[in-house]
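Written out below as structure tokens is the structure these notes cover.
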Amino acid sequence: KEDFVGHQVLRISAADEAQVQKVKELEDLEHLQLDFWRGPGQPGSPIDVRVPFPSIQAVKAFLEAHGLGYTIMIEDVQSLLDEEQEQMFAFQARSR
Amino acid sequence: STDTFNYATYHTLEEIYSFMDMLVAEHPQLVSKLQIGNTYEGRPIYVLKFSTGGNNRPAIWIDTGIHSREWVTQASGVWFAKKITQDYGQDFTLTAILDSMDIFLEIVTNPDGFAFTHSKNRMWRKTRSLTPGSSCVGVDPNRNWDAGFGMAGASSNPCTDTYRGKFANSEVEVKSIVDFVKSHGNIKAFISIHSYSQLLLYPYGYKAEPAPDRDELDQLAKSAVTALASLYGTKFKYGSIIKTIYQASGSTIDWTYSQGIKYSYTFELRDTGRYGFLLPASQIVPTAQETWLALRTIMEYTLNHPY
């Protein structure tokens, strides 16, 4: 099973079209293995991207270098997945 | 039984398929299960049909889970199926709808992808088809429809999550619905349910030109999101795909609208960006309940505005 330890989901705010284009540049960098949960669209609408642990520093440096604001929407994806799995197993155990 | 089924937890493909069989067994006069095809990996593709009789009645189509990782949508689909059986004969509006129309509900629209989210990769969104010449797997089933296919708003790179596929309807999961819609020929509303972002969207996604029925679709969307918000205050935005989020080509409802299905909508359910696709199971039932009010509004309008 794929492991998402250390993966973070960042919420990027692109204020104008130029900033949206900057994020699209990021989207094209395949080696970063970015997973856009909400892709770049209208300026002002949030862009959510899951960033694997090895890419986090590079992505944050890129965003800061280009004046793109971001917040951390999910600190560690794996911890949410663990909670989800526990909840499902608990239910299955009860139903058995 | 479906009375003891736990709607407040996420389920596997096998559990959802056995739920369907239980529901059909409990309501043989109202519910039947159709198989509209097999997936790329050979899994059956099932659609529940809710009908009180007649032959080829005007119908409403609802699908969930075309993007496999959007687990709250399949879970809501299960809840909708149970709700329809509970409310027929009880709720005046739903009874009126089913006395004149059929409802088709495809709960797991991307079975291969859904199974993969349980077995290997919770974040998987696409189908699991192999692309000759590429080591990357899968096609975005919401970019593979024959409406603006190949235009801006989808990727030609098999390694991206919005890869459109080699040609329109290349994905059997899409083609099966296309064939079903064409052979039925009397579907009057088509609602495809995604998550997340809390949006109610109508055509077009591949072009900025307003749809001919834009005003009516906008008014109905407004009524639907108002009904949705009445339960828990959950706020949805609404509008055309291209104006509300971004350009998306080859999308489901652009094709259904091109087939003359006027009331074509896409929902993006909870949330707006705290958990995203990892919405806690505790929010399944409230999400399904509020969404049902919007669906009911669209279905009632469709019933009262035959075309």
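All figures in this text were calculated on a predicted structure; none of them were measured in a lab. So that the names make sense, note that chain A is the first sequence line, chain B the second, and so on, each numbered from 1.
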Output the option from B/Gln247, B/Arg69, B/Glu268 having the highest count of non-hydrogen pairs under 4.5 Å with chain A. B/Arg69

Using only atom types and a distance under 3.5 Å, with no angle test, would you say the side chain of B/Lys243 pairs donor to acceptor with the backbone of A/Gln42? no

Quick check on B/Ala8 against chain A: is it the side chain, the backbone, both or neither that has a heavy atom closer than 4.5 Å? backbone

Heavy-atom contact with chain B under 4.5 Å, split by part of A/Val9: neither

Is any side-chain heavy atom of B/Met123 closer than 4.5 Å to a side-chain heavy atom of A/Leu81? yes

Please identify, among A/Gln85, A/Arg50, A/Arg38, the residue contributing the most non-hydrogen atom pairs under 4.5 Å to chain B. A/Arg38

Is B/Trp124 in contact with chain A via its backbone, its side chain, both, or neither, using a 4.5 Å heavy-atom distance? neither

When the 4.5 angstrom heavy-atom criterion is applied to B/Ser197 and chain A, the contacting part is both

What part of B/Thr272 gets closer than 4.5 Å to chain A, counting heavy atoms only: side chain, backbone, both or neither? backbone

Do B/Tyr196 and A/Trp37 come within less than 4.5 Å of each other through their side chains, counting heavy atoms only? yes

Name the region of A/Phe4, side chain, backbone, both or neither, that has any atom closer than 4.5 Å to a heavy atom of chain B. side chain

In residues 26-35 of chain A, which residues are in contact with chain B at a heavy-atom separation under 4.5 Å? A/Glu30, A/Asp35

Side chains of A/Arg11 and B/Arg274 in contact at under 4.5 Å (non-hydrogen atoms): no

Would you say B/Arg122 and A/Glu84 make side-chain contact, with heavy atoms under 4.5 Å? yes

Assess whether atom CZ of A/Phe53 is packed by more than 12 heavy atoms of other residues, nucleotides or ligands within 6.0 Å. no

Could you give me the CA-CA distance, side-chain angles and deciding distance for A/Phe36 and B/Asp161, then say whether side chain to side chain contact (heavy atoms under 4.5 Å, CB included) is met? CA-CA 8 Å; A/Phe36 279 84; B/Asp161 256 349; over 6 Å; no

State, yes or no, whether a side-chain contact exists between B/Asn121 and A/Lys1 at a heavy-atom distance under 4.5 Å. no

